[in-house]
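What follows is a set of notes on a single structure, which appears directly below.
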Amino acid sequence: MKRKVTKAIFPVAGLGTRFLPATKSVPKEIMTLVDRPLIQYAIDEARAAGIKEFIFVTSRGKSALEDYFDTAPLLEAELRRKGKDDLLELLKTTNMDSGAIAYIRQQKALGLGHAVWCARRLIANEPFAVILPDDVIAAETPCLQQMVEAYAETGGNMVAAMEVSDEKIGSYGVLDVKEDMGSMVSVKGMVEKPDAGSAPSNLAVIGRYILTPKVMQNINRMKQGAGGEIQLTDAIADQVNTSEGVYGFRFRGQRFDCGSKAGFLQATVAFALARDDLRTEFMQFLNEMTAINKAAQ
Ligand code: G1P
């Protein structure tokens with residue numbers, strides 16, 4: 001019987017250097033798309049998929065994350081006094097049940113595989129999800145939920161996958177496809193950040209994973225991969241020829257690379273346009289800006 005996936009790891013130890021100077025004092029995951037931090041989108045997606053235990057792999061300077069998910073007694077008392085029930089309601093979505101959230105520190109930046117491995121004792125012998133909050137996915141059915149539903153059929157290991165261009169494929173983990181079944185592919189190999197021209201396909205790994213505890217054991221070997229880092233991709237690739245196997249899942253939705261400035265801006269525009277309270281005014285502004293830019297060209 002396939003076990004339910006109730007634990008998720010959120011690797012949030014990165015320095016966020018691409019967003020300096022902002023990330024000098026604000027963790028990247030607290031940066032906001034409209035009015036919600038990146039990490040809130042990841043948590044909401046995990047909750048929708050049935051995750052009950054949230055494990056953050058953090059590092060020095062990330063304490064704002066812990067405060068964000070805590071209650072804020074002074075702020076709440078003030079809002080209550082002013083009768084701001086709508087804002088109190090909004091704050092509730094940021095609170096976690098006692099014991100539902102755990103923070104583990106990755107003391108050395110040795111790679112994504114190593115970050116995930118830091119949570120091994122909390123995962124113990126259960127399947128688990130990994131969510132990279134940089135990858136924000138707008139979807140009618142949240143991406144991890146789509147994967148949990150597909151996983152109920154396949155079991156094994158599953159990674160979110162998406163076609164990317166030849167120019168960009170070298171920035172991703174890439175799937176070597178055994179059999180393409182449409183929304184699902186079975187995988188015979190995986191390569192992290194392949195050199196130009198050597199990618200086995202254009203199907204890239206996007207930051208959502210459902211993994212077996214064996215992947216943790218594979219990371220135990222601490223094999224250095226691309227960029228001298230301990231790569232999660234390599235530890236998953238070690239599972240391809242096992243009975244559990246590895247599947248790529250082409251999710252339905254739009255993915256934004258919020259690890260890059262351009263992607264973050266695109267996500268901001270898309271999420272603002274999706275908001276009833278902002279759409280009309282923002283659209284008008286965008287139209288004006290586009291017209292001004294065109295005229296200047
Ligand atoms: C990580 C993973 C890579 C994956 C990517 C998705 O890379 O190592 O396999 O394709 O996330 O965003 P990073 O973006 O941290 O370099």
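Below, all heavy atoms of this structure are taken into account, side chains as well, without hydrogens, waters or symmetry copies.
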In chain order, what residues pass the side-chain hydrogen bond (donor to acceptor under 3.5 Å, both in side chains) check against Asp97, with sequence neighbours excluded?
-> none
Give a yes or no on whether Glu140 atom CD has more than 12 heavy-atom contacts from other residues, nucleotides or ligands under 6.0 Å away.
-> no
Could you list the residues that satisfy ring pair (Phe, Tyr, Trp, His ring centres under 6.0 Å) with Phe264, not counting sequence neighbours?
-> Phe19
Any side-chain heavy-atom pair of Leu33 and Leu38 under 4.5 Å = yes
I would like to know whether Asn202 and Asp166 meet side chain to side chain contact (heavy atoms under 4.5 Å, CB included); could you show each step before the answer?
-> CA-CA 7 Å; Asn202 281 80; Asp166 288 345; 2.9 Å; yes
If you group Ile, Leu, Val, Met, Phe, Trp and Tyr by side-chain heavy-atom gaps below 4.5 Å, do Phe256 and Leu132 land in one group?
-> no
Partner set under salt bridge (Lys or Arg N to Asp or Glu O under 4.0 Å) for Arg279, not counting sequence neighbours = Asp276
For residues Ile169 and Leu203, report the shortest heavy-atom separation together with the two atoms involved.
-> CD1-N, 4.2 Å
So which pairs with a foot in residues 255-264 pass side-chain hydrogen bond (donor to acceptor under 3.5 Å, both in side chains), sequence neighbours left out?
-> Asp135-Arg255, Tyr172-Arg255
With the side chain counted from C-beta on, respond yes when Glu229 and His114 share a heavy-atom pair under 4.5 Å apart, and no when they do not.
-> no
Decide whether Tyr209 and Met158 are clustered together by the hydrophobic rule: side chain heavy atoms of Ile, Leu, Val, Met, Phe, Trp, Tyr closer than 4.5 Å, transitively.
-> no
Which atom pair, heavy atoms only, marks the closest approach of Arg252 to Ala139?
-> O-CB, 3.3 Å
Please name all residues satisfying side-chain hydrogen bond (donor to acceptor under 3.5 Å, both in side chains) with Gln40, sequence neighbours left out, ordered by chain then number.
-> Asp44, Tyr68
pair Leu122-Lys7: side-chain heavy atoms closer than 4.5 Å = no
Give a yes or no on whether Leu278 and Val269 share a hydrophobic cluster (residues Ile, Leu, Val, Met, Phe, Trp, Tyr; joining criterion: side-chain heavy atoms under 4.5 Å apart).
-> no
Apply salt bridge (Lys or Arg N to Asp or Glu O under 4.0 Å) to Glu281 and list each qualifying residue two or more places apart in sequence or on a separate chain.
-> none
Check the surroundings of atom CG in Leu20: do more than 12 heavy atoms from other residues, nucleotides or ligands lie under 6.0 Å from it?
-> yes
If you round to the nearest 0.5 Å, how far is CG of Leu75 from CG of Leu91?
-> 5.5 Å
Roughly how far apart are Asn287 CG and Ile292 CD1, rounded to 0.5 Å?
-> 11.0 Å
Nearest-0.5 Å distance that lies between atom CH2 in Trp117 and atom CD in Gln106 = 10.0 Å
Which value, rounded to the nearest 0.5 Å, describes the distance between Arg120 atom CZ and Ile9 atom CD1?
-> 11.0 Å
Side-chain contact test, heavy atoms from C-beta onward, threshold under 4.5 Å: evaluate it for Val116 versus Ile123 and give yes or no.
-> no
Please report the shortest heavy-atom distance between Tyr151 and Gly156, naming the atom on each side.
-> CE1-O, 3.3 Å
Can you name the nearest heavy-atom pair linking Ala267 to Cys258, along with the distance?
-> CB-SG, 3.7 Å
Leu286 vs Leu273 side-chain heavy atoms within contact, under 4.5 Å | yes
Exercise: identify the closest heavy-atom pair between Met216 and Phe128 | CE-CZ, 3.9 Å
Kindly indicate whether the side chain of Thr233, heavy atoms from C-beta on, has any atom under 4.5 Å from the side chain of Ile236.
-> no
Given side chains that start at C-beta, do those of Lys62 and Glu29 come closer than 4.5 Å, heavy atoms only?
-> yes
Non-neighbouring partners of Lys82 that pass salt bridge (Lys or Arg N to Asp or Glu O under 4.0 Å), sequence neighbours left out | Glu78
Is it true that Met162 and Leu232 fall in one hydrophobic cluster, defined by side-chain heavy atoms closer than 4.5 Å?
-> no
What's the shortest heavy-atom distance between Ala49 and Val148, and which atoms?
-> O-CG2, 3.9 Å
Yes or no on side chain to side chain contact (heavy atoms under 4.5 Å, CB included) for Ile43 and Phe69, after CA distance, side-chain angles and deciding distance?
-> CA-CA 10 Å; Ile43 291 287; Phe69 289 110; 3.5 Å; yes
For Asn157 and Thr212, what are the C-alpha separation, side-chain angles and deciding distance, and is it a side chain to side chain donor-acceptor pair (under 3.5 Å)?
-> CA-CA 6 Å; Asn157 297 279; Thr212 60; 3.1 Å; yes
Val130 reachable from Phe10 in the ILVMFWY side-chain graph, under 4.5 Å edges = no
Side chain to side chain contact (heavy atoms under 4.5 Å, CB included) with Met147: of Val159, Ile210, Val5, only one passes, and it is Ile210
Should the pair Arg275-Asp35 be classified as a salt bridge under the 4.0 Å nitrogen-to-oxygen rule?
-> yes
Gln146 CD to Leu144 CG distance, which is reported to the nearest 0.5 Å = 9.5 Å
In terms of heavy-atom contacts, does CG of Asn241 have more than 12 from other residues, nucleotides or ligands at under 6.0 Å?
-> no
Roughly how far apart are Ile39 CD1 and Ile131 CD1, rounded to 0.5 Å?
-> 8.5 Å
Could you list the residues that satisfy ring pair (Phe, Tyr, Trp, His ring centres under 6.0 Å) with Tyr103, not counting sequence neighbours?
-> Phe56
What pairs with Tyr41 under ring pair (Phe, Tyr, Trp, His ring centres under 6.0 Å), at least two apart in sequence or on another chain?
-> Phe271
Which pairs count as salt bridge (charged side-chain N to carboxylate O under 4.0 Å, His left out) when at least one residue sits in residues 190-201, sequence neighbours excluded?
-> none
With sequence neighbours left out, which residue pairs that include part of residues 204-223 fulfil the salt bridge (charged side-chain N to carboxylate O under 4.0 Å, His left out) condition?
-> Glu45-Arg208, Lys214-Glu244, Arg221-Asp238, Lys223-Asp238
Distance-only check: which donor-acceptor pairs under 3.5 Å involve side-chain atoms of residues 174-182, not counting sequence neighbours?
{"from": "Asp180", "atom 1": "OD1", "to": "Gly182", "atom 2": "N", "distance (Å)": "3.0"}
{"from": "Asp180", "atom 1": "OD1", "to": "Arg250", "atom 2": "NH1", "distance (Å)": "3.0"}
{"from": "Asp180", "atom 1": "OD2", "to": "Arg250", "atom 2": "NH2", "distance (Å)": "3.0"}

Under the side chain to side chain contact (heavy atoms under 4.5 Å, CB included) criterion, do Asp134 and Arg18 qualify, and how do the steps go?
-> CA-CA 12 Å; Asp134 271 0; Arg18 277 196 263 179; 5.7 Å; no
